[in-house]
Amino acid sequence: QVQLVESGGGLVQAGGSLRLSCAASGRAFSSYAMGWYRQAPGKEREFVAAIGWRAISTRYTDSVKGRFTISRDNAKNTMYLQMNSLKPEDTAVYYCAADSQANRWLVDSLGRWRGGDTWGQGTQVTVSS
């Protein structure tokens, strides 16, 4: 069973940047796709970005394309989300997610990664206007 711990959230002004990290432990990190979801107050959890186990494949939700970049360092068992040009509507709790099945890239018909079935505790991102 993998354990996921997010860090890097905080309060930032609109137009600013943050980098989230997700440290994984408990199993071979490099064999599993991973991603980020977020949940704003009163809203459902939504997909943000995902990256395949070899970092060849990535997916982003439309609202963050061109502003967010997902990456991973398999040697450090860590995934990142670089968030630039942040907007107040990016305010949410951001969750790291991992696939439980190795070497799988599960994407739905809308291009959203659906492989996340293990979750971290979340990190709060607040963007002030």
Side-chain angles (χ1 to χ4, degrees):
Q1 184 75 8
V2 65
Q3 291 80 46
L4 304 172
V5 178
E6 302 97 331
S7 61
L11 174 64
V12 64
Q13 289 188 331
S17 298
L18 284 174
R19 188 176 81 155
L20 305 183
S21 299
C22 173
S25 62
R27 70 177 185 192
F29 177 81
S30 61
S31 297
Y32 299 86
M34 297 189 67
W36 293 93
Y37 279 71
R38 65 187 179 187
Q39 187 167 19
K43 295 187 177 182
E44 294 185 353
R45 189 175 297 188
E46 66 169 349
F47 166 73
V48 176
I51 188 166
W53 61 94
R54 290 183 293 179
I56 295 174
S57 300
T58 59
R59 286 287 189 277
Y60 297 91
T61 192
D62 286 346
S63 63
V64 308
K65 286 180 181 177
R67 300 188 298 122
F68 290 11
T69 302
I70 191 170
S71 62
R72 65 190 295 163
D73 186 336
N74 286 344
K76 295 182 178 180
N77 287 0
T78 303
M79 176 181 64
Y80 305 97
L81 185 67
Q82 178 66 44
M83 305 186 294
N84 298 328
S85 303
L86 282 161
K87 304 175 181 180
E89 50 264 43
D90 294 318
T91 295
V93 177
Y94 283 70
Y95 296 92
C96 169
D99 200 330
S100 61
Q101 184 170 331
N103 307 124
R104 180 173 71 171
W105 184 239
L106 189 61
V107 175
D108 67 14
S109 59
L110 297 179
R112 299 170 300 188
W113 179 64
R114 290 309 190 191
D117 47 19
T118 301
W119 301 87
Q121 82 288 351
T123 185
Q124 177 70 46
V125 172
T126 302
V127 184
S128 63
S129 57

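Note that these values count all heavy atoms, side chains included, but never hydrogens, waters or copies made by symmetry.
- Every residue two or more places apart in sequence or in another chain that forms a salt bridge (charged side-chain N to carboxylate O under 4.0 Å, His left out) with Arg112 is listed here: Asp108.
- Glu6 places no side-chain N or O within donor-acceptor distance of the main-chain N or O of Thr123, the cut-off being under 3.5 Å.
- For the salt bridge (charged side-chain N to carboxylate O under 4.0 Å, His left out) test, no residue two or more places apart in sequence or in another chain qualifies with Arg54.
- Taking CZ from Arg59 and CG from Leu106, the interatomic distance works out to 11.0 Å, rounded to the nearest 0.5 Å.
- The closest donor-acceptor contact from the side chain of Glu46 to the backbone of Glu44 lies at 3.5 Å or more, if one exists at all.
- The side-chain hydrogen bond (donor to acceptor under 3.5 Å, both in side chains) test applied to Ser100 returns Asp117, not counting sequence neighbours.
- In terms of the side-chain contact (heavy atoms from CB on, under 4.5 Å) criterion, residue partners of Trp53 (sequence neighbours excluded) are, by chain and number, Arg72, Asn103, Trp105.
- Under the rule for a side-chain hydrogen bond (donor to acceptor under 3.5 Å, both in side chains), the partners of Asp62 that lie at least two apart in sequence or sit in another chain are Lys65.
- The hydrophobic cluster around Leu110 extends to none of the other residues, as no ILVMFWY side-chain heavy atom falls under 4.5 Å of it.
- Contact annotation: the side chain of Phe29 never approaches that of Lys76 to less than 4.5 Å [non-hydrogen atoms, C-beta and beyond].
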Side chains of residues 11-27: which donor-acceptor pairs under 3.5 Å do they make with residues two or more places apart or in other chains?
from, atom 1, to, atom 2, distance (Å)
Ser17, OG, Asn84, OD1, 2.9
Arg27, NH1, Asp99, O, 3.2
Arg27, NH2, Asp99, O, 2.4

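- For Phe47, the ring pair (Phe, Tyr, Trp, His ring centres under 6.0 Å) partners two or more places apart in sequence, or in a different chain, are Tyr37.
- For the atom pair CD1 (Ile51) and OG (Ser57), the distance works out to 9.0 Å, reported to the nearest 0.5 Å.
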Report task. Apply side-chain contact (heavy atoms from CB on, under 4.5 Å) to the pair Leu4 and Trp119, showing each step before the final yes or no. Result -> CA-CA 7 Å; Leu4 304 172; Trp119 301 87; 5.6 Å; no
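- Residue Val64 is not grouped with residue Trp113 when hydrophobic side chains (ILVMFWY) are merged at heavy-atom distances under 4.5 angstrom, including chains of intermediate members.
- Separation of atoms SG (Cys96) and OH (Tyr80) is listed at 12.0 Å; rounding is to 0.5 Å.
- The two residues Ala49 and Leu81 come nearest to each other via the heavy atoms CB-CD1, 4.2 Å.
- Scanning for side-chain hydrogen bond (donor to acceptor under 3.5 Å, both in side chains) contacts around Gln101 gives Arg104, with sequence neighbours left out.
- Remark: Val5 engages Gln121 in a side-chain contact (heavy atoms from CB on, under 4.5 Å) (not counting sequence neighbours).
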Acceptor/donor pairs from residues 88-95 side chains to any protein atom, 3.5 angstrom cut, sequence neighbours excluded:
from, atom 1, to, atom 2, distance (Å)
Asp90, OD1, Arg38, NH1, 3.0
Asp90, OD1, Arg67, NH2, 3.0
Asp90, OD2, Arg67, NH1, 2.8
Asp90, OD2, Arg67, NH2, 3.4
Asp90, OD2, Lys87, N, 2.8
Thr91, OG1, Pro88, O, 2.9
Thr91, OG1, Val127, N, 2.9
Thr91, OG1, Val127, O, 3.4
Tyr94, OH, Arg38, NH1, 2.9
Tyr94, OH, Asp90, O, 2.7

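- Listed by chain and number, the residues in a side-chain hydrogen bond (donor to acceptor under 3.5 Å, both in side chains) with Asp73 amount to none (sequence neighbours excluded).
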